[in-house]
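When a ligand or atom number is given, it counts from 1 through the structure's own listing order.
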Amino acid sequence: MALTGAGISAESGVPTFRDAGGLWRSYRPEELATIGAFERDPRTVWEWYAWRRGFVAECQPNDGHRALARFFLARGTAGIVTQNVDGLHTRAALKEAGDGPPDAALPIEIHGAIARDRCNRCGLRADAEPLGDSLPRCAACGGMRRPDVVLFGEMLDSELLARAHRLAERADLCLVIGTSAVVQPAAGIPLATLHGGGSVIEVNTEATELTGAATVEVRGAAGVVLPALLG
Ligand code: APR
């Protein structure tokens, strides 16, 4: 299996969060990416996500996303768990699968997907629409719609997290790519592989909180390392 973070999308031009130039170096997450901020000032949070949504829509999957997609398509087994909400793993799977069903390369998106909305009251999901003068409302219940991403202070989808942990516990290898491994519960996923007797290979341009526990650390950019490692 693979667990990915913002670093795998860095070479696509999507900003990371905590390393040099990361978003949390310029913006305060507690003002933009928490459920409290959304309830206090939904317009500001919506504008932040609308900006990110537009930015990400212009980015393309890079060689790292595509190598990972090819690897899982060839195996025919789902194995990508991502913290990223940018949708680039899914777009890589569609590019690599040609006309075949890319299910095996579709990620478990444990932090959600920025291209979707979700009703903050009834949970109904819907494709994103351009942000207008009035904030988007749910077609079913009239509740406030919000980006379908996990905000700080919210629980992750328990079913997605359970699927990710089942993959990790059974995996011989967890390939951990481009994450600072500081945000829980995602950071605990590779440890489940180690506890199950498997190995962890970390692909990162820098050392992280996980490096000391990793079986192997590969210091390099995902877009260079993954095609070399996975073919
Ligand atoms: N190749 C590999 N690794 C890279 C690259 C690259 N080209 N560029 C940067 N990195 C590494 C950085 O060294 C860093 O360790 O990617 C990691 C990015 O870490 P973060 O910015 O903290 O991103 P991430 O770990 O995904 O954050 C987890 O925090 O803010 C929340 O919800 C957000 O999903 C996100 C979560």
Trainee: Only heavy atoms of Thr16, strictly under 4.0 Å: list the atoms of ligand 1 that pass.
Mentor: 21 (O)
Trainee: Under 4.0 Å between a Lys/Arg side-chain N and an Asp/Glu carboxylate O for Glu58 and Arg53?
Mentor: no
Trainee: Does His165 use its side chain to pair, donor to acceptor, with the backbone of Leu161 at less than 3.5 Å?
Mentor: no
Trainee: Quick one: look up the protein heavy atom nearest atom 28 (C) of ligand 1 and list residue, atom name and how far away it is.
Mentor: Gln83 OE1, 3.3 Å
Trainee: Using a 4.0 Å heavy-atom threshold (strictly under), name the region of Ala10 that reaches ligand 1: side chain, backbone, both or neither.
Mentor: side chain
Trainee: Could you tell me the residue and atom name of the protein heavy atom closest to atom 35 (C) of ligand 1, and the distance to it rounded to 0.1 Å?
Mentor: Phe17 CE1, 3.6 Å
Trainee: Compare every heavy atom of Gly5 with every heavy atom of Gln83, then report the nearest pair and how far apart it is.
Mentor: NE2-CA, 3.9 Å
Trainee: Hey, which atoms in ligand 1 end up nearer than 4.0 Å to a heavy atom of Val183?
Mentor: 28 (C), 29 (O), 36 (C)
Trainee: Which residue supplies the protein heavy atom nearest to atom 6 (C) of ligand 1, what is that atom called, and how far is it?
Mentor: Gly7 O, 3.3 Å
Trainee: So which protein heavy atom does atom 1 (N) of ligand 1 come closest to, and at what separation?
Mentor: Ala222 N, 2.9 Å
Trainee: For the side chain of Arg125 and the backbone of Asp117, is there at least one donor-acceptor N/O pair under 3.5 Å apart?
Mentor: no
Trainee: Could you tell me whether Ala6 and ligand 1 have an N or O pair separated by under 3.5 Å?
Mentor: yes
Trainee: Under 4.0 Å from a heavy atom of Gly178: which atoms of ligand 1 are those, numbered in the order shown and with their elements?
Mentor: 3 (N), 16 (O), 17 (C), 18 (C)
Trainee: When rounded to the nearest 0.5 angstrom, what distance separates CD1 in Ile189 from CD in Glu169?
Mentor: 10.0 Å
Trainee: Quick one: closest heavy-atom pair of Val203 and Gly220, and the distance?
Mentor: CG1-O, 4.0 Å
Trainee: Is it the side chain (CB and beyond), the backbone, both or neither of Thr205 that lies under 4.0 Å from ligand 1, heavy atoms counted?
Mentor: both
Trainee: Could you pull out, from Asp19, Val224, Val150, Leu3, the option with a heavy atom nearest to atom 9 (C) of ligand 1?
Mentor: Asp19
Trainee: According to salt bridge (Lys or Arg N to Asp or Glu O under 4.0 Å), does anything in residues 217-231 pair up with another residue at least two apart or in another chain? List the pairs.
Mentor: Glu217-Arg219
Trainee: Counting from 1, what ligand 1 atoms have a heavy atom of Trp24 closer than 4.0 Å?
Mentor: 30 (O)
Trainee: Let me know which of Tyr49, Trp48, Phe17 forms a ring pair (Phe, Tyr, Trp, His ring centres under 6.0 Å) with Tyr27.
Mentor: Trp48
Trainee: Checking Glu11 side chain against Gly223 main chain: does a donor-acceptor pair fall under 3.5 Å?
Mentor: yes
Trainee: Can you tell me which residue and heavy atom of the protein come closest to atom 25 (O) of ligand 1, and the distance to 0.1 Å?
Mentor: Thr179 OG1, 2.7 Å
Trainee: If you take the nearest heavy atom of each of Glu11, Gln184, Arg18, Arg219, which one is closest to atom 27 (O) of ligand 1?
Mentor: Arg18
Trainee: Tell me whether Asn120 contacts the main-chain N or O of Arg146 through its side chain, where contact means a donor paired with an acceptor under 3.5 Å.
Mentor: no
Trainee: Using a 4.0 Å heavy-atom cut-off, say whether His111 meets ligand 1 through its side chain, its backbone, both or neither.
Mentor: side chain
Trainee: Classify the ring geometry of His89 against His65: parallel below 30°, tilted from 30° to 60°, perpendicular beyond 60°.
Mentor: perpendicular
Trainee: Side chain or backbone, does Gly5 bring an N or O within less than 3.5 Å of an N or O on ligand 1?
Mentor: no
Trainee: Can you report which non-hydrogen protein atom sits closest to atom 11 (C) of ligand 1, along with the distance?
Mentor: Asn204 OD1, 3.2 Å
Trainee: For atom 19 (O) of ligand 1, what is the nearest protein heavy atom, given as residue, atom name and distance?
Mentor: Ser180 N, 3.3 Å
